[in-house]
Amino acid sequence: KPKSAIFLPHTSGRFNKKRFRKAQCPIVERLTNSLMRTGRNNGKKLMAVRILEHTFEIIHLLTDANPIQVIVDAVVNGGPREDSTRIGSAGVVRRQAVDVAPPRD
């Protein structure tokens, strides 16, 4: 069983301590953590877990598909494909489009 296969998205892991360690964080837990970012929902993880459970139930009833697979497909489609970087010499700076690595978000 891989580490990302968990029953509840509440591992209390420190996934931002090292670079790229957030790639080992389960995707459902990352979605749960991003739900509790705004002001009045700040830090209420159990509420975010409950909201996510209801959301998965609704997705399952409407689409008859695996809700976690729906979330994974949405994350893949929503990721950035390209970004811009600064290229310049002698004080003249212009923006150049470059491809972006998948973990960047």
Side-chain angles (χ1 to χ4, degrees):
K1 171 179 123 170
K3 276 187 181 177
S4 60
I6 57 170
F7 187 68
L8 272 179
H10 198 308
T11 61
S12 302
R14 300 187 306 266
F15 292 106
N16 284 330
K17 198 168 174 75
K18 285 179 85 172
R19 187 179 185 201
F20 297 125
R21 193 178 283 175
K22 66 181 177 181
Q24 270 79 47
C25 181
I27 195 164
V28 178
E29 185 170 3
R30 286 190 70 184
L31 182 63
T32 306
N33 292 341
S34 66
L35 275 178
M36 54 176 199
R37 272 194 198 147
T38 57
R40 67 180 185 184
N41 300 327
N42 199 3
K44 299 179 182 173
K45 191 158 189 177
L46 294 179
M47 184 178 77
V49 168
R50 196 178 69 239
I51 289 171
L52 211 59
E53 286 176 3
H54 294 322
T55 306
F56 284 162
E57 185 67 29
I58 291 170
I59 289 174
H60 177 67
L61 291 175
L62 289 179
T63 63
D64 245 1
N66 185 1
I68 300 197
Q69 187 60 47
V70 172
I71 298 294
V72 169
D73 293 341
V75 168
V76 167
N77 290 335
R81 300 283 196 285
E82 69 177 23
D83 199 2
S84 61
T85 186
R86 296 169 50 136
I87 303 251
S89 60
V92 179
V93 176
R94 65 187 178 99
R95 309 289 277 182
Q96 176 70 38
V98 293
D99 293 333
V100 175
R104 172 111 184 240
D105 54 359

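Side-chain atoms are counted along with the backbone in the values below, which use heavy atoms only and exclude waters and symmetry mates.
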Going through the distances and angles, do His10 and Thr32 end up as a side-chain contact (heavy atoms from CB on, under 4.5 Å)?
CA-CA 9 Å; His10 198 308; Thr32 306; over 6 Å; no
For Ile68 and Val28, run side-chain contact (heavy atoms from CB on, under 4.5 Å): C-alpha distance rounded to whole Å, both residues' side-chain angles, the deciding distance at 0.1 Å, then the answer.
CA-CA 8 Å; Ile68 300 197; Val28 178; 4.1 Å; yes
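Ion pair Lys45/Glu29 flagged as a salt bridge, since at least one NZ, NE, NH1 or NH2 atom sits closer than 4.0 Å to an Asp/Glu carboxylate oxygen.
Going from atom CZ of Arg14 over to atom OG1 of Thr11 covers 11.0 Å, rounded to the nearest 0.5 Å. Taking CZ of Arg21 as the reference point, atom CG of Asn16 lies at 10.0 Å (rounded to 0.5 Å). Interatomic distance, CD1 of Ile87 versus CZ of Arg94, reported as 6.5 Å (0.5 Å rounding). We find the CD-CG distance between Glu57 and Leu62 to be 10.0 Å, quoted to the nearest 0.5 Å.
A distance-only check finds no donor-acceptor pair linking the side chain of Lys17 to the backbone of Gly13 [under 3.5 Å].
Contact check for Met36 versus Met47: no side-chain heavy atoms found under the 4.5 Å cut-off. At a threshold of 4.5 Å between non-hydrogen side-chain atoms, the residues Phe15 and Asn33 do not count as touching.
Linking Ile, Leu, Val, Met, Phe, Trp and Tyr residues whenever their side-chain heavy atoms come within less than 4.5 Å leaves Leu46 and Leu31 in two separate clusters.
Contact between Thr55 and Ile51 at its shortest, heavy atoms only, is OG1-O, 2.7 Å.
Residue Phe56 is tested with Ile71, Leu61, Asn66 for a side chain to side chain contact (heavy atoms under 4.5 Å, CB included); the sole match is Ile71.
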